[in-house]
Amino acid sequence: MLLRNRFLLLLALAALLAFLSLSLQFFSRWLPVSMQLKTPVHVLPGLPVRLVPIAPEREGALTAKNRKRIMPDLLTEPSAPDPLYEANLYCNTPGVAERSMEGHAPHNFKLLSVQVMIRHGDRYPLYAIPKTKRPDIDCVLEPDRDPSHPNLADFISHMTKGSEAQMDGTLSSLPRYPSHSLCEMGELTQTGVVQHLYNGQILRENYLKKHKLLTKDWTAKQVYIESTGKSRTLQSGLALLYSFLPGFDWKKISVKHQWSSIFCSGHCDCPMRNHYLEEEQRRQYSYRIKNAQLEKTYIDMAKVVGVPTKQLRASNPIDSLLCHFCHNVTFPCTKNGCINIEHFKTIKAHQIEDERERHEKQLYYKYALLATYPLLNQTVSRMQRISEGKKAEAFALYSAHDVTLSPVLSAIGLTEARFPRFAARLVFELWQNTDKPQDHYVRILYNGEDLTFQTSFCREQERRSSRPLCPLSKFVNFVKREMFSALNSTSYYDACRQKMF
């Protein structure tokens, strides 16, 4: 009996040890971001800590097989808008697991083309808060410093050899990658580069490995690249392309310069677009001065830094504070005190509320229709050429800004979509039904999420098995006709020049 009891005791202990071992293996894969970094960081008070899987150490870690093993994000979305949660999403921390639906379609559908619009990655602030020290952020790329990417070292090496690339206009004089030990105003950071290296890796997995959209012998005629004249947009585009293309070859890289942030090219003369934008700016001002808590916050912050409230407000402090927040850098302090997390939350909360009112008032929507027509027309025209069997680029990349993507989202009816985060991507896919080759369809995805049936032109489209995607004809009709009917016009020219009453 004694031997039997000892045996049962040993068996129970063995089972307990096995359970503890498995538990440790599981939880060791999930650590707060600050514990993953090789250098210590300051976590701001009140900042919810996001639990993420440790970043992969080698290329190929984002394969479909591995993605299935990634656990859901443990930081769940709050029931009501939360300023810190929204700010965290805006930062777009590299390495956070995300679900990507690009390239998903029924087996009898063939992918014909992909057009991607991106916002540049994380950048240094465009504005400085008066009488405070600028955030100390290093823009020299160092593969051994977090956040990093398996391709970062090779990316740096390739970017030093770009003399054979064809860069349009002023793009040829811009640096191919950030390199200042103290970031310059508006400069792309290492985080921004890494964000787009991951974007390129995701698109490569979904479009090249699954659908062979481009092969190793791809040509310059198959790829279209356009960027604004800012180093942060050019560098973001190059980072995405480096991870995406099947063999990055400078001889095949040709980047067109777009001088307009809304990509209106030769169709920028539109008085009514400017009118609606001015009306929207007046709405923003009126809404801001009604917010007593926001005004009190600006007064408090102005006292901290020792400048008039008007000067503090004009410096757009949220731009700099977001940089502090995203990089876990302590908010500015002076002899009068410190700007704190409550100041930040108040300003961010007002931004969220302003977004809601903006959709209700519709002034921005009218501006967006006119601002984005040239770019959307170019997008849909490329799709039409391909569907008719004519030659056109299989992959197009537009490297742009938040003021580019935001009106596009509004114009196509994605009113629930969040304001473009750093390294946001908006994708337009063109598909062909191989059983009925004359039938072509589109999918529209934002940051990897399929929002096709949330667009204004496909919202009523039934999700039937025979038509699981949105017919191309609906997108064409929207761009060529419906966009103008919302403005009581029949063409872009008339909508831009109708009389103001």
TODO: Return yes if some donor-acceptor pair links the side-chain N/O of T215 with the main-chain N/O of K212 below 3.5 Å, else return no.
DONE: no
Task: Exercise: identify the closest heavy-atom pair between V479 and Y373 - done: O-CE1, 3.5 Å
Open item on the list: Using a 3.5 Å distance criterion without hydrogens, assess whether the side chain of H324 forms a donor-acceptor pair with backbone atoms of S320.
Closed with: yes
TODO: Run the numbers on F395 and F244 for ring-ring contact (aromatic ring centres under 6.0 Å, His included), then give the verdict.
DONE: CA-CA 11 Å; F395 181 80; F244 171 72; 4.3 Å; yes
Task: Contact summary for Y287 and D354, nearest pair of heavy atoms - done: CD2-OD1, 3.6 Å
Open item on the list: To the nearest 0.5 Å, what is the distance between CG on L89 and CZ on R418?
Closed with: 5.0 Å
TODO: Compare every heavy atom of Y124 with every heavy atom of P135, then report the nearest pair and how far apart it is.
DONE: O-OH, 2.6 Å
Task: Y207 versus E429, side-chain donor and acceptor atoms under 3.5 Å - done: yes
Open item on the list: Quick one: does any side-chain atom of R459 pair with a main-chain N or O of Q454 as donor and acceptor, under 3.5 Å?
Closed with: yes
Open item on the list: Check R356 with E353, please: is the shortest side-chain N to carboxylate O separation under 4.0 Å?
Closed with: no
Task: Contact summary for R123 and G186, nearest pair of heavy atoms - done: CB-O, 3.9 Å
Task: Shortest non-hydrogen contact from A371 toward R273 - done: CA-CD, 3.7 Å
Task: Exercise: do K480 and N377 side chains pair donor with acceptor under 3.5 Å - done: yes
- [ ] Taking atom types as modelled, find out whether N151 and S243 have a side-chain donor-acceptor pair closer than 3.5 angstrom.
- [x] yes
TODO: Give a yes-or-no answer on whether the side chains of Y224 and E226 include a donor-acceptor pair shorter than 3.5 Å.
DONE: yes
Open item on the list: Parallel, tilted or perpendicular, judged at 30° and 60°: which one describes the rings of F475 and F428?
Closed with: parallel
TODO: For side-chain hydrogen bond (donor to acceptor under 3.5 Å, both in side chains), just list the numbers for T189 and D122, CA-CA rounded to whole Å, side-chain angles, deciding distance to a tenth of an Å, and then say yes or no.
DONE: CA-CA 6 Å; T189 65; D122 177 83; 2.5 Å; yes
Task: H149/Q201 under side-chain hydrogen bond (donor to acceptor under 3.5 Å, both in side chains): CA gap, chis, key distance, verdict - done: CA-CA 10 Å; H149 186 277; Q201 185 175 335; 2.5 Å; yes
Task: Side chain H440, main chain Q432, donor-acceptor under 3.5 Å - done: no
Open item on the list: Looking only at the side chains, is there a donor atom on one of E482 and N477 sitting less than 3.5 Å from an acceptor on the other?
Closed with: yes
Open item on the list: Please determine whether a side-chain nitrogen of the Lys or Arg among E295 and R313 lies less than 4.0 Å from a carboxylate oxygen of the Asp or Glu.
Closed with: yes
- [ ] Drop me the distance from I253's CD1 to L238's CG, to the nearest 0.5 angstrom.
- [x] 7.5 Å
Open item on the list: For the backbone of I444 and the side chain of T452, can you confirm whether one donor and one acceptor N or O come within less than 3.5 Å of each other?
Closed with: yes
TODO: Please work out which of the three classes, parallel, tilted or perpendicular, describes the rings of F344 and F331, given edges at 30° and 60°.
DONE: tilted
- [ ] Say whether, by atom type as modelled, one donor and one acceptor occur between the side chain of S485 and the main chain of N488 under 3.5 angstrom.
- [x] no
Task: Residues I129, L321; criterion side chain to side chain contact (heavy atoms under 4.5 Å, CB included); working and verdict - done: CA-CA 9 Å; I129 298 176; L321 294 180; 3.8 Å; yes
TODO: Evaluate the side-chain proximity of L376 to V408: yes if any heavy-atom separation is below 4.5 Å, no if none is.
DONE: yes
TODO: Give a yes/no on whether the SG-to-SG distance for C326 versus C91 is below 2.5 Å.
DONE: yes
Task: Salt bridge E102-R425, side-chain N to carboxylate O under 4.0 Å - done: yes
Open item on the list: Rounded at 0.5 Å granularity, tell me how far CG in L188 sits from NE2 in H196.
Closed with: 7.5 Å
Open item on the list: For the CD1 atom of I137 and the SG atom of C323, what is their distance to the nearest 0.5 Å?
Closed with: 3.5 Å
Task: Nearest heavy atoms of L111 and L430, plus distance in Å - done: CD1-O, 3.6 Å
TODO: Hey, can you tell me if F263 and Y398 have their rings parallel, tilted or perpendicular (30° and 60° cut-offs)?
DONE: perpendicular
TODO: Applying side chain to side chain donor-acceptor pair (under 3.5 Å) between E187 and each of R232, K230, H180, report the one that passes.
DONE: H180
TODO: Flag yes if more than 12 heavy atoms outside K348 fall under 6.0 Å of its NZ atom; otherwise flag no.
DONE: yes
Open item on the list: Using a 6.0 Å cut-off, check whether atom NE2 of H267 has over 12 heavy atoms from anything other than its own residue.
Closed with: no
Open item on the list: Looking at K296 and D300, is any side-chain nitrogen of the basic one under 4.0 Å from a carboxylate oxygen of the acidic one?
Closed with: yes
Open item on the list: Please determine whether a side-chain nitrogen of the Lys or Arg among D435 and K110 lies less than 4.0 Å from a carboxylate oxygen of the Asp or Glu.
Closed with: no
Task: Worked verdict on H104 versus W431 for ring-ring contact (aromatic ring centres under 6.0 Å, His included) - done: CA-CA 10 Å; H104 288 234; W431 296 83; 9.2 Å; no
Open item on the list: When you measure from the centre of the six-membered ring of F478, is the NZ or CZ of R481 closer than 6.0 Å and no more than 45° off the axis?
Closed with: no
Open item on the list: Please check: side-chain N/O of H211 versus main-chain N/O of G103, any donor-acceptor pairing under 3.5 Å?
Closed with: yes
TODO: Quick one: pull up CD in Q362 and CZ in R283 and give me the separation to the nearest 0.5 Å.
DONE: 11.5 Å
Open item on the list: Do L234 and M167 have side chains that approach each other closer than 4.5 Å (heavy atoms only, starting at C-beta)?
Closed with: yes
TODO: Give the ring-plane orientation class for Y242 versus F155, where under 30° counts as parallel, over 60° as perpendicular and anything between as tilted.
DONE: perpendicular
Task: Donor on one side chain, acceptor on other, N206 and S100, under 3.5 Å - done: yes
Task: Side-chain donor-acceptor pair present, S265, Q258, cut-off under 3.5 Å - done: yes
Task: Candidate pair T233 and T228, rule side-chain hydrogen bond (donor to acceptor under 3.5 Å, both in side chains), full reasoning - done: CA-CA 6 Å; T233 52; T228 63; 2.9 Å; yes
Open item on the list: With a sphere of 6.0 Å drawn around OH of Y127, does it hold more than 12 non-hydrogen atoms of other residues, nucleotides or ligands?
Closed with: no
Open item on the list: Are there over 12 heavy-atom neighbours, none belonging to E388, within less than 6.0 Å of that residue's CD?
Closed with: yes
Open item on the list: Any heavy-atom pair between the side chains of Q235 and P178 that's under 4.5 Å?
Closed with: yes
Open item on the list: Under a 3.5 Å distance rule, please check whether R134 uses its side chain to pair with a backbone N or O of C183 as donor and acceptor.
Closed with: yes
Task: Axial cation check for W218 ring with K252, 6.0 Å and 45° limits - done: yes
- [ ] Verify whether one side chain among Y364 and S406 offers a donor that lies under 3.5 Å from an acceptor in the other.
- [x] yes
